[in-house]
Amino acid sequence: QVQLVESGGGLVQAGDSLRLSCTPSGRTFSTYDMGWYRQAPGKEREFVAAISWSGDNTYYIDSVKGRFTISRDGTKGTVFLQMNSLKPQDTAIYYCNALLVRWGDRVGSSKPPIHEYDYWGQGTQVTVSS
């Protein structure tokens, strides 16, 4: 069974840090762009960050820019999300997924076109208390 397994979530205080991991199972995703999403209670799932298959390109939504860093281990295919200076509004279930990102179609600093594959895992809960 092909899946992505998220881990590393937890309960922290505002200002703390967490490092999330996304580990592939059943196949490698080394040639895929990858991304992190989150879903807060009562809200729709929200895109957070993406990284190209090579690791050379990244994109973040404005609310996490400068605080979160997406990276990947090319050898193992694991994708990470380093989250610093966490805020209560970062509280959500965090998911990773394989993507096809049209990096070349970006206009300035805008979000590039993204196609989402259907490899959603169970997610990992991040709770930030004030």
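Just so it is clear, the model here is predicted, and its values are computed rather than measured.
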Are [X] and [Y] packed together at the side-chain level, in the sense that at least one heavy-atom pair is separated by less than 4.5 angstrom?
X: Gln125; Y: Thr91; answer: yes
X: Arg102; Y: Pro112; answer: no
X: Val128; Y: Val126; answer: yes
X: Glu6; Y: Ile93; answer: no

Please name the pair of heavy atoms, one in [X] and one in [Y], separated by the smallest distance, quoted to 0.1 Å.
X: Pro24; Y: Gly77; result: CD-O, 3.5 Å
X: Trp53; Y: Asp33; result: N-OD1, 2.8 Å
X: Ala14; Y: Pro88; result: CB-CD, 4.2 Å
X: Gln39; Y: Lys43; result: NE2-O, 3.0 Å
X: Arg38; Y: Ser63; result: NH2-OG, 3.5 Å

Relative to each other, are the rings of Tyr117 and His115 parallel, tilted or perpendicular (30° and 60° limits)?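 Tyr117 and His115: perpendicular rings.
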Report yes or no: do [X] and [Y] belong to one cluster of Ile/Leu/Val/Met/Phe/Trp/Tyr joined by side chain heavy-atom distances under 4.5 Å?
X: Ile114; Y: Tyr94; answer: yes
X: Phe29; Y: Phe47; answer: yes
X: Leu11; Y: Leu20; answer: no
X: Phe80; Y: Leu4; answer: no
X: Trp36; Y: Val12; answer: yes

Euclidean distance, [Y] [atom2] relative to [X] [atom1], rounded to 0.5 Å:
X: Ser109; Y: Lys65; atom1: OG; atom2: NZ; value: 6.0 Å
X: Thr58; Y: Trp103; atom1: OG1; atom2: CH2; value: 6.5 Å
X: Met34; Y: Ser71; atom1: CE; atom2: OG; value: 12.0 Å
X: Leu99; Y: Ser52; atom1: CG; atom2: OG; value: 11.0 Å
X: Leu81; Y: Tyr60; atom1: CG; atom2: OH; value: 7.5 Å
X: Thr23; Y: Gln3; atom1: OG1; atom2: CD; value: 10.5 Å

Can you tell me if Gln89 has over 12 outside heavy atoms packed within less than 6.0 Å of its CD?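 Counting other residues, nucleotides and ligands, CD of Gln89 exceeds 12 neighbours.
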Residues Leu86, Phe68; criterion side-chain contact (heavy atoms from CB on, under 4.5 Å); working and verdict: CA-CA 9 Å; Leu86 282 161; Phe68 290 11; 3.9 Å; yes
Could you check Tyr95, Trp120, Tyr119 and say which one makes a ring pair (Phe, Tyr, Trp, His ring centres under 6.0 Å) with Tyr37?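 Per the ring pair (Phe, Tyr, Trp, His ring centres under 6.0 Å) rule, the option paired with Tyr37 is Trp120, out of Tyr95, Trp120, Tyr119.
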Criterion side chain to side chain contact (heavy atoms under 4.5 Å, CB included) against Arg67, the qualifying member of Met83, Gln82, Lys87: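 Among the candidates, only Lys87 passes.
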